[in-house]
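First listed ligand is number 1; within each ligand, the first listed atom is number 1. The figures here come from the full heavy-atom set of this structure, side chains too, leaving out hydrogens, waters and symmetry mates. Worth saying up front: this structure is predicted, and the values here are computed from it rather than measured.
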Amino acid sequence: MTNLIKFTKMHGAGNDYIYVNTLIHHIEHPEEIAIKWSAPHTGIGSDGLVLIGKSSIADFSMRIFNADGSEAMMCGNASRCIGKYLYDNSLTKKTDISLETLSGIKHLKLTVLEGKVSKVTVDMDSPKLKEVYFDGKSGQMINHEITVNGQTFKATAISMGNPHLVIYVDDINQIELPVIGPILENHPLFPGRINVEFAQKLSENKVRMRVWERGSGITMACGTGACATAVAGSITGMTGRDVEIIMDGGNLNILWDEKTDKVYMTGDAVTVFEGEIPL
Ligand SMILES: N[C@@H](CCC[C@H](N)C(=O)O)C(=O)O
């Protein structure tokens, strides 16, 4: 008998994932399923697969797999969508939800409009600048010069639970993201690969950003990437600590709180459709 799996396609700022409630359906090999279902022509089409599950240390848990099947530690846009999924499907009545991720417990604050979640603020915890994810050495990488295809960029590495390389440029339209993105993702400085954000300051509190995601390529938005971009903007003196990040698929508001050192991300969460697919 065919095992039909119920899924929900959701997006946050255009970053789209397939969501499965593992309280109902067990997914044995998520790495393989993520590749199969994310394929645009032969699958459902998405930036990856997100599994919602139970947790012994938080209200629920999240696992996130990129379109190439690699598992990531954290996903900002998916964490907001999970908040919507849980509330809109009556899996919780809470509007403050704790979510276990591979990078720790995150706290979600839901805004409910006419019985449905319209936006979510996530406490993304403190950014880390000294995490060992580049070059096998610890230490900071702030405005570090990296040359790719004859172009030299000033890059800042930040972990928001997952690794990001943020590069501020004068004109983002001059950046050939499909060419430069994969080179930086796989640069020898980053043995674990890295997410790459190109950013252009529009004003003290507005930044245009485009992303090349590790394991998924160009996506319309990246929540952790938006947080890293705001933090990099602030530490390099480009922006303030309260910034709107404008991406291809939508905007996110990022606040890096001076008192607590925590980063708060606020944005939409949208249900696109529900379906069933054979495993
Ligand atoms: N789109 C995400 C991040 C997904 C994981 C990332 N590609 C990685 O491998 O670290 C977000 O919204 O944060």
Side-chain angles (χ1 to χ4, degrees), residues 9-19 30-31 34-35 37-38 45-52 62-85 99 101-104 106 108 119-125 127-128 131-134 157-166 177 181-182 184-187 190-199 209-232 245-254 256 263-270 272:
K9 177 82 180 285
M10 304 182 83
H11 79 83
N15 189 197
D16 62 329
Y17 291 97
I18 299 156
Y19 292 78
E31 301 83 0
I35 297 172
W37 292 358
S38 298
S46 70
D47 293 328
L49 171 70
V50 176
L51 303 182
I52 304 167
M62 163 173 89
R63 288 184 72 191
I64 147 90
F65 297 86
N66 292 313
D68 72 353
S70 57
E71 183 165 13
M73 308 263 293
M74 176 54 192
C75 179
N77 289 325
S79 63
R80 295 198 315 282
C81 287
I82 288 185
K84 181 173 177 65
Y85 182 101
L99 188 66
T101 74
L102 287 180
S103 75
K106 310 293 168 191
L108 322 178
K119 64 177 182 180
V120 180
T121 297
V122 184
D123 170 351
M124 301 286 285
D125 230 321
K128 290 186 183 59
E131 211 155 81
V132 186
Y133 51 76
F134 51 87
I158 289 170
S159 170
M160 286 304 313
N162 57 351
H164 293 270
L165 190 71
V166 182
L177 196 53
L184 287 171
E185 177 193 359
N186 297 291
H187 195 283
F190 313 108
R193 300 191 288 158
I194 199 158
N195 299 290
V196 181
E197 284 82 27
F198 279 94
M209 184 270 262
R210 296 196 72 211
V211 59
W212 176 273
E213 279 197 40
R214 173 176 70 169
S216 294
I218 292 177
T219 62
M220 304 271 279
C222 179
T224 47
C227 295
T229 301
V231 171
I245 306 289
I246 300 160
M247 294 166 288
D248 294 352
N251 304 352
L252 289 174
N253 289 95
I254 311 296
W256 184 18
V263 178
Y264 294 93
M265 171 195 63
T266 303
D268 68 353
V270 179
V272 186

Exercise for the section: Report, in ascending order of atom number, the atoms of ligand 1 lying under 4.0 Å from any heavy atom of Thr224. Expected result: 3 (C), 11 (C), 12 (O), 13 (O)

Exercise for the section: Run the contact test for Tyr17 against ligand 1 with a 4.0 Å cut-off on heavy atoms, strictly below, and give the result. Expected result: yes

Practice task
Using a 4.5 Å cut-off on heavy atoms from C-beta on, say whether the side chain of Thr266 contacts that of Lys119.
Solution key: yes

Practice task
Using a 4.0 Å heavy-atom cut-off, say whether Met73 meets ligand 1 through its side chain, its backbone, both or neither.
Solution key: neither

Problem - Sub-4.0 Å heavy-atom contact, His164 with ligand 1 - result: no

Practice task
Answer with yes or no whether Gly215 contacts ligand 1, where contact means a heavy atom under 4.0 Å from a ligand atom.
Solution key: no

Handout entry: Residue pair Thr229 / Glu197, side-chain donor-acceptor N/O under 3.5 Å
Key = no

Exercise for the section: For the residue pair Thr219 and Asp47, confirm or rule out a side-chain donor-acceptor distance under 3.5 Å. Expected result: no

Exercise for the section: Determine the minimum heavy-atom distance between Ala221 and Ala13, stating which atoms define it. Expected result: CB-O, 3.1 Å

Completion exercise
Nearest heavy atom to atom 8 (C) of ligand 1, choosing from Asp68, Asp16, Asn195, Thr219, belongs to Asn195

Problem - Salt bridge present between Glu185 and Arg214 (N-O < 4.0 angstrom) - result: no

Completion exercise
Near Glu213 (heavy-atom distance under 4.0 Å), the atoms of ligand 1 are 1 (N), 2 (C), 3 (C), 4 (C), 5 (C), 6 (C), 7 (N)

Practice task
Would you check the N or O atoms of Gly223, main chain and side chain alike, for any that come under 3.5 Å of an N or O of ligand 1?
Solution key: yes

Practice task
Decide yes or no for Leu252 and Met247: does some side-chain heavy atom of the first lie under 4.5 Å from some side-chain heavy atom of the second?
Solution key: yes

Problem - For Asn162, atoms of ligand 1 separated by under 4.0 Å from a heavy atom - result: 3 (C), 5 (C), 6 (C), 8 (C), 10 (O)

Fill in the blank from the handout: If we number the atoms of ligand 1 from 1 as shown, the ones under 4.0 Å from a heavy atom of Ala72 are 5 (C), 8 (C), 9 (O), 10 (O)

Exercise for the section: Could you pull out the closest heavy-atom pair between His164 and Ala228, with the gap in Å? Expected result: CB-CB, 3.6 Å

Problem - Polar side-chain atom of Lys9 near backbone of Gly45 as donor-acceptor pair, under 3.5 Å - result: yes

Practice task
Report yes if some N/O of Gly76 lies less than 3.5 Å from some N/O of ligand 1; otherwise report no.
Solution key: yes

Practice task
Grab the two heavy atoms, one from Met265 and one from Cys227, that are nearest each other, plus how far apart they are.
Solution key: CB-SG, 3.9 Å

Completion exercise
protein heavy-atom neighbour closest to atom 2 (C) of ligand 1 works out as Cys75 SG, 3.1 Å

Practice task
Using a strict cut-off of 4.0 Å, indicate which atoms of ligand 1 neighbour a heavy atom of Asn77.
Solution key: 11 (C), 12 (O)

